[in-house]
Each structure stands twice: as structure tokens, then as C-alpha cells.
Amino acid sequence: MAQIICENLTLGYDGKTILKGLNLEIQKGQYLCITGDNGSGKTTFMKTLLGLVAPVSGRIWASDGLESVQIGYLPQQTQIQRDFPASVYEIVLSGCLNKTRGLFYSKQLRQRAFDNMKKVGIEDLAMKSYRHLSGGQQQRVLLARALCAADKMLLLDEPVSGLDPAAAQDMYSIIQSLNRDGMTVIMITHDMSAVRQYATHILHIGSDVFFGSKSEYLAKYSL
Ligand code: ADP
């Protein structure tokens, strides 16, 4: 059963169309890689899935018991965000915000933040300042933050961008193990070797739009 269904979806801003007539279904446990040139609409699609950008037309809905509070998002990092003055623990805990009642984080939510720091191997950095971490450590902090929000689905916008090969491999391994544990992963990437290795499905956005399984994609484009 599909968790997300897009029907005849047209994406854009202020009525201006970027991508037309998108039909697809995302099933639980899939690892969907979104590829395409810069400016083709990958991030816009992700923001539309998150409800941050309204579709120009068409329908998009969640199914199979998926609720918006069960989706975690790791956006692309800007330089300003890299200098954010907070501790690792504070940043990870802020991912639980959609689960708080009132102004306070419960003991369970604080435990959830700690468990997710452990999952991505940053529990020793909890009290460190985020701005003083390496790029790879910062991405793991943001992944732990996204996991605090995500119970079922993780949306990642170029999660290894700017990382050295070892840090990128660490991120990919963590994401793969989350996916193996049942998390649906939707990842924007330009890294075709990662697509080959990890994707179950591919959405390619360009003059030609493709959505299907990885094997269909590789066969269609003779890759
Ligand atoms: P990609 O992620 O594939 O690089 P984007 O989804 O970021 O592409 O952008 C697709 C197009 O939408 C680009 O032409 C971009 O300039 C435009 N765009 C992005 N954000 C906005 C916005 N907030 N308002 C208007 N146009 C935007």
C-alpha cells in the first residue's frame, strides 16, 4: 500500500509551472532517489511533499497510516546554518518539537533525542557546540534531528553534499541501515554511484521525467 500518492501533480511557484503531470506512488520501505539537473525542481518536489509549497494543480495525499508528523526532513545546508550557535543535544532535541505538548520536552522525548544521537554515533558530542564540528559530524547531528521527527519517512536533500568520501560513506551506511529497519527514504542526489548502490526506485526530473524501479531505469537508459 502506498504511503504517498501524487496524481497529475503540477509544481511551481505563484502559478508558474516548473514540473507538469507527475503521477507516482511511494510505498513503505522504498529508497527513492531523486535525480536531475540543478533547477529542474527536485527540492520543490520535496517541499511539496512536506506541504511547504502548495501544488499548482493536481493532488497529493498520504495513505497507509502515514501522518505528516511522522516525516523527518534534512534540508540542504547553507553556510549560515553551519555557524548555528547551539549544542548538539539542543539541535537534535529540537527535532522532537512536533511531538511536544505545550512548551516542554517530556522525559520520553529527551530519551528519544539521546537514542537518535546513539543511532548515528554522536552521543559523545552531545554537549559540544554544533558550529565547531566537522561537516560530517554536523550532517549526522541533522540526521539525528530529522529522526526525532521521523517515525516512518525520511526526506534528505543532498545529505552528503560537501562531505569527504569517508564521511559521505558513513552517512550512506547509516541511511541504509535505517532503510533496512523499515524507514522509507526519499533522497535528492547527484551521486549516480549511490543511486546504483542504494535506490530501489528513481524519480528523474528533466525534459524527460522518469519514475520507476531502479532496474527499469537502468534498462531504459542503457546504464
Ligand atoms: P533543484 O532542487 O532541482 O535544483 P529547485 O526545486 O530548487 O531545483 O528549483 C526549481 C526552479 O524553481 C528553479 O528555477 C528555481 O529558481 C525556482 N524556485 C525555487 N524556489 C523558488 C521560490 N521560492 N520562488 C520562486 N521560484 C523558486
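Start at 1 and go down the list; that is how both ligands and their atoms are numbered.
Residues Val141 and Phe84 form no side-chain contact, since every pair of their non-hydrogen atoms from C-beta on lies 4.5 Å or further apart. At least one side-chain heavy atom of Phe210 sits less than 4.5 Å from a side-chain heavy atom of Glu216. Within the 4.5 Å cutoff, side-chain heavy atoms of Leu52 are placed close to those of Tyr73.
Of the N and O atoms on the side chains of Asp157 and Gln76, at least one donor lies less than 3.5 Å from an acceptor on the other residue. Using modelled atom types and a 3.5 Å distance limit, the side chains of Tyr172 and Asp191 yield a donor-acceptor pair.
Protein residues with a heavy atom under 4.0 Å from ligand 1 are Tyr13, Ile18, Asp37, Asn38, Gly39, Ser40, Gly41, Lys42, Thr43, Thr44.
For the salt bridge (Lys or Arg N to Asp or Glu O under 4.0 Å) test, residues two or more places apart in sequence or in another chain that qualify with Lys99 are Asp151.
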